[in-house]
Undergrad: 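Structure provided below as structure tokens; questions to follow.
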Amino acid sequence: MKQKKKKAIVYPYDIQFAPVVRYSHFIENYEIVGIAAPLSSGCCGKDAGRADCGDDIGIIVSEDFSEALENCEAVIFAKTEREGSYTEDLYPKMKEVAGAGKDIIVAFNLNRDNYNQVKALCDENKVTFGYFHNEEWFNMPFEPPYLSAHKLYTLETPVVFVLGEGEKCNKFETQLALREYFTSQGYKVGQIGSRKYCELMGFHSMPNFMFEARHEMEKIYLFNKLVKSIEVVEKPDVIIIGVPGGVASMNAKNAGYCGITAYEIANAVTPDAAVFCMYYAIWDHTYYDEMKNIAKYKLGLEVQNFVVSCSRVDWAGAAETMNHMDFFTISGRKVEAYKSEKQSEGLPVYNVVNMDDAKKLGERVEDILAGYAEIEFY
Amino acid sequence: MNNKPNIHLFRTRGASYFYDANTAAIVKISDSLYDALLNEKEPTLKEDIEYKEKLISKGYLSSFRPKEIVHPSTDIVEDILENNVEMITLQLTQQCNFRCAYCPYTIASEDRGHSAKRMTFEMAKKGVDFLLTHSANVKDPVIGFYGGEPFLEFDLIKKVIEYTKKKAGGKFFGFTVTTNGSLLTEDKVQFLEENSVIVMISLDGPKEVHDKNRKLAVSGKGSFEKVMDNVMRLYDAHPSFVKNNIQFNAVVDPVNQFSCFNEFFIKAEYIKNSSMLRTQILESKYTDYSDPTAVEFFMEREQEIFKMFLAKMGRLSEEKISPLVKMQYEEMINKLHLGRRTMLSLPEYGHPSGPCVPGSARVFLSCDGTLLPCEKVSEKTDAFKIGTIDEGFDFDLVRKILNIGKLTEEACKNCWAFTMCVSCANGCDDGSELSAQKRLADCQDVKGYLDEAFVHYCTLKELGCNYAAYGFNDPVEL
Ligand code: SF4
């Protein structure tokens with residue numbers, strides 16, 4: 001018999017955690033019944049779905065943490081775009097939670113000292129402490145079978161990539177939308193997500209070795225081995241891989257990883273389908289062709305579908321700031337209108353926070369994979 | 001249709017150039033090609049003919065001009081103002097203990113005079129909440145305290161900072177105060193230091209200069225000594241606070257010897273060790289630029305600029321450079337070097353640079369709850385009342401100010417300064433509405449400023465200044 005899920009609230013909250021709340025049924029032991037956030041999140045008093053400009057989720061974000069705490073058995077402390085202060089805000093709230101005898105789940109990065117402090121707090125108050133954030137010092141447990149280190153394995157299972165222009169362009173929403181679709185169709189899904197707390201949603205986070213100072217070839221071998229291990233151990237029908245970062249640098253001052261991680265992942269695994277997530281901007285079809293070409297000639301893969309997000313790059317700001325991008329959030333109504341216009345022009349562009357569209361994207365990716373399945377390769 | 005190349009020609013002592021409006025590139029050319037372009041003639045020398053063809057083939061010298069003036073953010077002002085308000089400035093009081101000659105409140109009629117109006121805590125809280133709920137996409141939003149003299153309402157400042165911290169959920173919010181410096185007592189400084197508040201003190205120069213324009217309200221006497229006492233005490237007791245958080249703002253009246261400012265600002269330890277000195281020259285409407293002392297002032301200033309250029313070429317110690325002209329170099333670097341982005345062409349639909357999205361950069365909340373684009377604009381002019389704290393922004397008015405270039409559409413479409421223009425709506429205020437004449441009247445100044453900046457920029461480059469240290473965009477030589 002399945003264990004009854006505990007009632008949990010999320011604190012703090014913004015666009016970063018919106019996909020988790022949108023697909024919260026993937027969280028194994030907790031059911032999200034409330035959300036609280038400081039006023040500075042811009043989310044208070046609104047439906048949680050407004051954070052990523054998508055369909056309503058049905059939970060109004062509250063400014064009153066203590067009141068929200070009364071109606072739950074656990075608090076999920078979430079990663080947000082603008083992280084609040086651990087000492088001034090998060091830890092005092094954790095004390096309040098533990099003191100009330102409720103579980104603490106952390107899905108943002110704690111350093112080792114803070115981790116130990118929260119753990120001690122939970123032990124002292126005899127409440128459960130769950131930590132879901134891959135760190136240099138904290139790797140999510142996964143025991144791969146023995147595989148040779150210096151060999152690129154071929155995969156038998158169809159692979160879908162979700163990649164994009166950078167951060168904040170609905171890549172994680174898209175990964176979860178595809179997980180939702182394929183599981184609902186009865187497929188077994190193996191998955192590596194682009195974020196560091198995917199274990200909370202029941203799949204693997206992007207491994208730390210991809211961000212460590214190692215030789216790039218070693219990362220490619222290790223990633224290939226990891227995906228092969230998932231294929232061997234979990235026996236999935238489909239594997240979804242979320243690619244962190246962008247496929248190229250945004251501009252000279254915001255080089256990010258220059259698409260290095262995307263390049264390594266694409267060299268480790270060849271996808272059978274790829275969805276490309278984009279920032280909001282009024283583009284004609286030439287831009288989509290250009291993105292396809294970047295993916296084709298830089299990464300050697302075919303992009304068949306696009307997702308448009310509500311984040312629009314503030315290019316004037318981006319030209320002035322180093323290593324930091326500023327964004328505007330475009331209303332869901334405008335994103336929806338833009339997507340409809342592109343679809344009417346025959347472009348495969350989806351608004352993945354519209355749940356009908358999310359399903360349509362799943363169907364289309366399934367069709368693409370089925371197309372491959374019809375041809376037998378030897 | 002205008003078929004002439006969309007360029008601006010200029011010369012340094014050593015070479016000829018054009019600024020290409022379409023690509024934002026600065027291109028070096030021969031003197032003979034310069035003459036031909038200036039006289040709208042075809043070049044006659046073989047190398048000029050070939051060079052011109054090469055330039056055209058690479059997209060330079062295009063006659064393209066925008067078709068319509070429309071700001072690219074016009075359709076998304078609602079979205080920008082929902083989550084990207086970077087700063088709110090609270091007008092805590094209209095009262096002041098000074099009567100400065102050039103202060104708009106001193107000069108103004110009853111609509112913007114020093115009245116007894118003060119902001120209530122309830123109103124200030126609304127202002128803070130407004131910023132909190134409209135800055136989700138902003139990394140470090142800022143709350144500014146403004147007056148009158150904001151320290152007349154120190155208790156309100158304290159309450160607002162405490163309220164903000166309580167509500168911010170650990171997110172960083174910056175605080176700034178713009179003050180005349182006369183009320184900076186020890187208890188206030190301790191609080192300001194504890195809360196990392198940036199304090200901008202107005203100090204116009206040595207006693208005789210400062211006292212000329214900045215007088216105490218009650219006695220009508222100069223305020224220099226009072227301000228200096230506070231500044232010196234502050235410097236002795238809180239040196240690190242001065243270094244990190246104190247900024248000085250000097251409004252320099254040119255009807256004074258340049259050297260007297262220079263000596264004052266170079267010698268003053270507390271200014272050298274403060275976080276910033278901003279200087280601006282008093283506008284001609286408040287003083288007499290034709291006065292012989294002013295004429296001499298400007299000549300001395302030119303010499304100082306020349307010395308600064310020598311320093312940038314490594315031929316003079318930076319120490320010897322007047323703090324009054326240092327900013328000129330920084331501004332030039334920002335405008336022509338870091339701020340100039342080369343591109344393929346001007347857009348068909350676009351707007352001259354200059355205006356920010358009204359309300360997003362530093363929205364001003366008056367004592368009575370009116371929202372204005374910033375603290376610089378007049379509360380008298382209805383066109384600037386872009387909303388109220390209770391009703392929010394009037395987006396149509398915001399769009400109108402944002403598209404201020406519509407007022408002068410034909411001139412702007414045909415202007416080489418399109419992407420370098422610095423003219424914003426504040427300069428178009430004729431006292432009651434936004435006026436095309438006022439905007440056009442400023443164009444000569446804008447273009448003159450840019451022309452001079454181009455000449456300085458290229459002269460320095462010719463003399464070996466290393467712009468590469470700052471990044472990109474060297475003048476183009478094909
Ligand atoms: S200088 Fe004058 S004409 Fe040129 S863009 Fe600016 S406002 Fe328009």
Side-chain angles (χ1 to χ4, degrees), chain A residues 11-16 36-46 50-51 53 63 65 80-93 168 251-253 280-282 310-322 324-335 337-338, chain B residues 24 71-86 125-126 128-141 143 163-173 334-335 337-343 347 349 351 353-357 360-361 395 419 470-473:
Chain A
Y11 180 88
Y13 179 76
D14 65 13
I15 186 171
Q16 164 83 213
L39 202 53
S40 59
S41 66
C43 298
C44 296
K46 301 172 189 168
R50 286 278 295 278
C53 311
E63 198 200 333
F65 176 79
T80 49
E81 287 296 315
R82 309 260 175 240
E83 267 173 41
S85 156
Y86 171 79
T87 12
E88 285 170 34
D89 184 52
L90 298 168
Y91 189 65
K93 290 207 165 57
K168 249 183 132 173
N251 64 12
K253 288 186 180 174
Y280 177 92
I282 309 291
C310 65
S311 298
R312 176 177 164 139
V313 178
D314 171 8
W315 284 111
E320 280 159 23
T321 50
M322 278 286 193
H324 158 76
M325 297 293 291
D326 284 319
F327 294 97
F328 302 129
T329 306
I330 304 300
S331 75
R333 188 177 44 79
K334 286 187 189 129
V335 177
Y338 174 74
Chain B
H71 197 284
S73 295
T74 305
D75 290 340
I76 57 164
V77 290
E78 286 93 341
D79 303 310
I80 292 175
L81 294 175
E82 181 69 20
N83 288 304
N84 289 69
V85 177
E86 293 169 23
K125 280 200 290 189
K126 283 185 189 176
V128 173
D129 287 355
F130 188 83
L131 182 67
L132 283 163
T133 50
H134 289 83
S135 60
N137 286 337
V138 181
K139 196 158 167 268
D140 303 319
I143 295 174
Y163 176 78
T164 308
K165 292 202 161 175
K166 206 173 100 201
K167 285 273 198 166
K171 178 172 172 171
F172 176 83
F173 278 73
N334 274 335
K335 185 80 193 153
H337 202 69
L338 304 174
R340 182 168 56 92
R341 293 189 284 284
T342 46
M343 54 199 181
Y349 303 90
H351 195 282
S353 61
C356 56
V357 175
S360 78
F395 295 111
T419 54
Y470 293 91
F472 330 99
N473 290 355

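Letters A, B, ... mirror the listed sequences (proteins, then strands); counts begin at 1.
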Undergrad: Within this structure, what is the CZ-CG distance for the pair A:F328 and B:D79, rounded to the nearest 0.5 Å?
TA: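 The CZ atom of A:F328 sits 9.5 Å away from the CG atom of B:D79.
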Undergrad: Is the backbone N or O of B:D75 less than 3.5 Å from a side-chain atom of A:K334, with the two atoms forming a donor-acceptor pair by type?
TA: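 At least one qualifying donor-acceptor pair exists.
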Undergrad: Could you measure the distance from the CG atom of A:L39 to the NZ atom of B:K171? Nearest 0.5 Å is fine.
TA: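 Here the interatomic distance stands at 10.5 Å.
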Undergrad: Using non-hydrogen atoms only, which part of A:S41 is less than 4.5 Å away from chain B: side chain, backbone, both, or neither?
TA: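 Contact with chain B is through the backbone of A:S41 alone.
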Undergrad: Can you tell me how far CG of B:N83 sits from OG of A:S331, rounded to the nearest 0.5 angstrom?
TA: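 Here the rounded value is 11.0 Å.
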Undergrad: Roughly how far, to the nearest 0.5 Å, is NZ of B:K166 from CG of A:D89?
TA: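 A:D89 CG to B:K166 NZ: 13.5 Å, rounded to 0.5 Å.
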Undergrad: If every non-hydrogen atom of A:S40 is compared with every non-hydrogen atom of B:A168, which pair is closest and at what distance?
TA: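 Looking at all heavy atoms of both residues, the shortest contact is OG-O, 3.0 Å.
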Undergrad: Between A:K168 and B:N137, does a side-chain contact (heavy atoms from CB on, under 4.5 Å) hold up when you go through it step by step?
TA: CA-CA 11 Å; A:K168 249 183 132 173; B:N137 286 337; 3.5 Å; yes
Undergrad: Rounded at 0.5 Å granularity, tell me how far CD in A:E88 sits from NZ in B:K165.
TA: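 The CD atom of A:E88 sits 7.0 Å away from the NZ atom of B:K165.
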Undergrad: Do side-chain atoms of A:D326 reach the backbone of B:V138 as a donor and acceptor pair under 3.5 angstrom?
TA: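 Not at all, since once roles are kept as given, no pair shorter than 3.5 Å links the two residues.
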Undergrad: Quick check on B:F173 against chain A: is it the side chain, the backbone, both or neither that has a heavy atom closer than 4.5 Å?
TA: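 Contact with chain A: side chain only.
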